[in-house]
Each structure stands twice: as structure tokens, then as C-alpha cells.
Amino acid sequence: MPDSPDGLRHTGTVPLTTERLFLRRLTPDDADAMFANFASDEDVARYMSWQAYRTAEELREKLTEWQTDYEEKKTYYWGIFLKDTDELIGTIYLYTEGEIARIGSVSYCLGKPWWGNGYMPEALLAVMRHGFCEIGYNRIEAYHAKSNLQSGRVMQKAGMTFDGVLRQRCKTYLGFEDCYFYSYLKEEFTP
Ligand SMILES: CC(C)(COP(=O)(O)OP(=O)(O)OC[C@H]1O[C@@H](n2cnc3c(N)ncnc32)[C@H](O)[C@@H]1OP(=O)(O)O)[C@@H](O)C(=O)NCCC(=O)NCCS
């Protein structure tokens, strides 16, 4: 698809599929599964920008608020579901870091029972494909706290290139931590 001189072509959170996963919008009906599978888990939340939820009801309220955000075409927030069982196992979020420079940034989390199966690299690749081919980003980036090596592995396995370190850019449960930045460029990406 040719570059648009007018910038990005926002699509909103449209469904995406991969070999083993499907990605779709979350609804308030997903609150119980999301709470049980990862949103209440401190080990999942500790590197995220949110605190672990204490009740499914709290999460249901949040998901209700997000329905309005989904009407905004610039909002990209997918639930990650296993094709085989229809189970909600994680989320992946894409936001526009720079509209003019066409930069997208991704963050993600997965329920602990499903760690180590390569699901997140698979979801990340699908989101980057959508970001480059449909939205028109020129660069998609992701970063992780120095201590979160497993997230760095996701970026490496998805084929992203290490850009460098921003000193004490993150605050995690360990305190201020250096942040490791990775990126993919449109010209490098093979759909
Ligand atoms: C980071 C995360 C999304 C990885 O997803 P995933 O689908 O398990 O990714 P992978 O299967 O490719 O595994 C990535 C690495 O995690 C580590 N890992 C795998 N299984 C693990 C387990 N059960 N326990 C701890 N680490 C594990 C391994 O280092 C693996 O790398 P390897 O395949 O080279 O051995 C997931 O661990 C997670 O949600 N963590 C908490 C939230 C978070 O940190 N989000 C990112 C914020 S920057």
C-alpha cells in the first residue's frame, strides 16, 4: 500500500488472526475471564502501567468505560484469545507515539499459565503487520525494564532490533530501572 502524504490511516481495533490466536475488542463480558486469567495476578501486573485488580467488578467497570474509547479510531487494544478453546489469555495495546513521524508503540501481557509457548511474539507480529500494512506506521517500538528479560525475548523473537538504553526511564517494583528499546521499521518488515 503506498504511503499516504496525509499521515496515518487509523482503523480502530479490528479483529486479527494468527495461526493459533485471534485478537478482538474486549467487552464488559470479558471481565471475569480477564480477572481470573491475568488481571488479578501481581506477577503479570508488576511490569505494566496498571495495578493488579482486586475484583472482577472493578475490571468490568473499566471495560465499560473502554467501550467509549473503542469508538475512537485511534484506539488499539486487543484481547488475545486461543483459537482452540476461545480462552482469553492476554492483551496487547498499540498506541501512536508520533502521528507525524508515524511511530507506533506496543505493550502486552499474558496470563502466567500460558507463558513460554511463543504466544506473545505471534500476537506482536500480527499487530505490527496491521500497524505497517493497514495503519501506515513507519516505525513500531517497544521497550522493557532491564530486569524484565522475558519481555525482551518477545521483542527479539518477533524480529525487532535493539535500539539502545534510556537510563532510569521505567519505575517498576524494583525502583527506577533502565529501559531497553527495540524497534521494527516498515522497510525491514516482510508482511
Ligand atoms: C513477557 C510475556 C508477554 C512473554 O510472553 P510469552 O508468550 O510467554 O513469550 P515467549 O513464550 O516467547 O517467552 C519469552 C521468554 O519468557 C521466558 N519464559 C518462558 N516461560 C516462562 C515461565 N514459565 N516463567 C518465567 N519466564 C518464562 C523465557 O525467557 C522466554 O524466552 P525463551 O523462549 O528464549 O526461553 C509474559 O511473560 C508476560 O505477560 N509477562 C508479564 C507482563 C509483562 O512483562 N509485559 C511486558 C511489559 S514490557
Item to complete: Go through the steps to decide whether Leu63 and Met34 satisfy the test side-chain contact (heavy atoms from CB on, under 4.5 Å), and finish with yes or no.
Response: CA-CA 10 Å; Leu63 288 168; Met34 197 168 162; 4.2 Å; yes
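- Counting heavy atoms of neighbouring residues, nucleotides and ligands inside a 6.0 Å radius, atom OH of Tyr173 exceeds 12 of them.
- For the pair Pro28/Trp66, no side-chain contact is recorded, criterion being any heavy-atom separation below 4.5 Å from C-beta on.
- Listed for the Thr75 side chain is a donor-acceptor partner under 3.5 Å among the backbone atoms of Asp69.
- For the pair Ser147 and Leu174, the tightest heavy-atom approach, listed with the atom from each and the gap, is OG-CD1, 3.4 Å.
- The heavy-atom pair separating Cys170 from Ala145 by the smallest distance is SG-CA, 3.9 Å.
- Taking 4.5 Å as the limit, some side-chain heavy atom of Phe38 sits within range of a side-chain heavy atom of Cys109.
- Of the inter-residue distances, the one linking Ile140 atom CD1 with Glu97 atom CD reads 12.5 Å to the nearest 0.5 angstrom.
- Residues Tyr182 and Tyr180 place their aromatic rings such that the two centres sit no closer than 6.0 Å.
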Would you give me the side-chain donor-acceptor pairs under 3.5 Å for residues 110-133, sequence neighbours excluded?
unit_1: Lys112; atom_1: NZ; unit_2: Asp41; atom_2: OD2; d: 3.4
unit_1: Lys112; atom_1: NZ; unit_2: Asp43; atom_2: OD2; d: 2.6
unit_1: Trp115; atom_1: NE1; unit_2: Leu110; atom_2: O; d: 2.8
unit_1: Asn117; atom_1: ND2; unit_2: Trp114; atom_2: O; d: 3.0
unit_1: Glu122; atom_1: OE1; unit_2: Arg20; atom_2: NE; d: 2.7
unit_1: Glu122; atom_1: OE1; unit_2: Arg20; atom_2: NH2; d: 2.7
unit_1: Glu122; atom_1: OE2; unit_2: Thr18; atom_2: OG1; d: 2.7
unit_1: Glu122; atom_1: OE2; unit_2: Arg20; atom_2: N; d: 2.8
unit_1: His130; atom_1: NE2; unit_2: Thr11; atom_2: OG1; d: 2.9

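- Counting heavy atoms from C-beta on, the side chains of Arg24 and Asp30 come closer than 4.5 Å.
- The NZ atom of Lys62 lies 12.0 Å from the CH2 atom of Trp50; values are rounded to the nearest 0.5 Å.
- Side chains of Leu26 and Thr91 form a contact here, defined as non-hydrogen atoms less than 4.5 Å apart.
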Item to complete: Would you sort out whether Arg102 and Ile135 count as a side-chain contact (heavy atoms from CB on, under 4.5 Å), showing the intermediate values?
Response: CA-CA 9 Å; Arg102 299 188 200 170; Ile135 305 171; over 6 Å; no
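- Arg60 and Glu58 are not joined by a salt bridge, as no carboxylate oxygen comes within less than 4.0 angstrom of a charged side-chain nitrogen.
- Annotation: ring pair (Phe, Tyr, Trp, His ring centres under 6.0 Å) contacts of Tyr108 (sequence neighbours excluded): none.
- Distance check: Leu185 CG to Thr161 OG1 gives 7.0 Å after rounding to the nearest 0.5 Å.
- Ser183 and Asp163 form a side-chain donor-acceptor contact under 3.5 Å, judged by distance and modelled atom types alone.
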Worksheet item: Thr13 and Tyr77: side-chain hydrogen bond (donor to acceptor under 3.5 Å, both in side chains), yes or no, with the steps?
Response: CA-CA 6 Å; Thr13 309; Tyr77 186 48; over 6 Å; no
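- The shortest distance between side-chain heavy atoms of Arg54 and Ser40 does not fall below 4.5 Å.
- With 3.5 Å as the limit, one finds a donor-acceptor pair spanning the side chains of Thr172 and Glu177.
- Judged by a 6.0 Å distance limit and a 45° cone about the ring axis, Arg169 is positioned over the six-membered ring of Tyr143.
- Aromatic ring pairs are classed by plane angle as parallel below 30°, tilted from 30° to 60° and perpendicular above 60°; the pair Tyr76 and Trp78 is parallel.
- Separating the OG atom in Ser105 from the OH atom in Tyr95 is a distance of 3.5 Å, to the nearest 0.5 Å.
- A distance of 15.0 Å separates CZ in Phe189 from CZ in Arg139, rounded to the nearest 0.5 Å.
- When atom types are taken as modelled, the side chain of Asp178 and the backbone of Lys146 share no donor-acceptor pair closer than 3.5 angstrom.
- Under 3.5 Å, the side chains of His10 and Glu134 contain no donor-acceptor pair of N or O atoms.
- For the pair Gln67 (side chain) and Thr64 (backbone), a donor-acceptor distance under 3.5 Å is absent.
- Taking the side chain as every heavy atom from C-beta outward, Ile92 and Leu23 approach each other to under 4.5 Å.
- Between the side chains of Thr96 and Tyr137, at least one donor N or O lies within less than 3.5 Å of an accepting N or O.
- At least one side-chain heavy atom of Leu21 sits under 4.5 Å from a side-chain heavy atom of Ile89.
- Between Phe181 and Phe162, the ring center distance fails the sub-6.0 Å criterion.
- Remark: aromatic rings of Phe81 and Phe22 are close, center separation under 6.0 Å.
- The shortest heavy-atom contact between Ala45 and Ala52 is CB-N, 3.6 Å.
- A 6.0 Å sphere centred on NZ of Lys74 holds no more than 12 heavy atoms belonging to other residues, nucleotides or ligands.
- In this structure, the side chains of Arg153 and His144 stay at 4.5 Å or more apart for every pair of heavy atoms.
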Item to complete: For side-chain contact (heavy atoms from CB on, under 4.5 Å), just list the numbers for Asn138 and Ile103, CA-CA rounded to whole Å, side-chain angles, deciding distance to a tenth of an Å, and then say yes or no.
Response: CA-CA 6 Å; Asn138 181 59; Ile103 303 168; over 6 Å; no
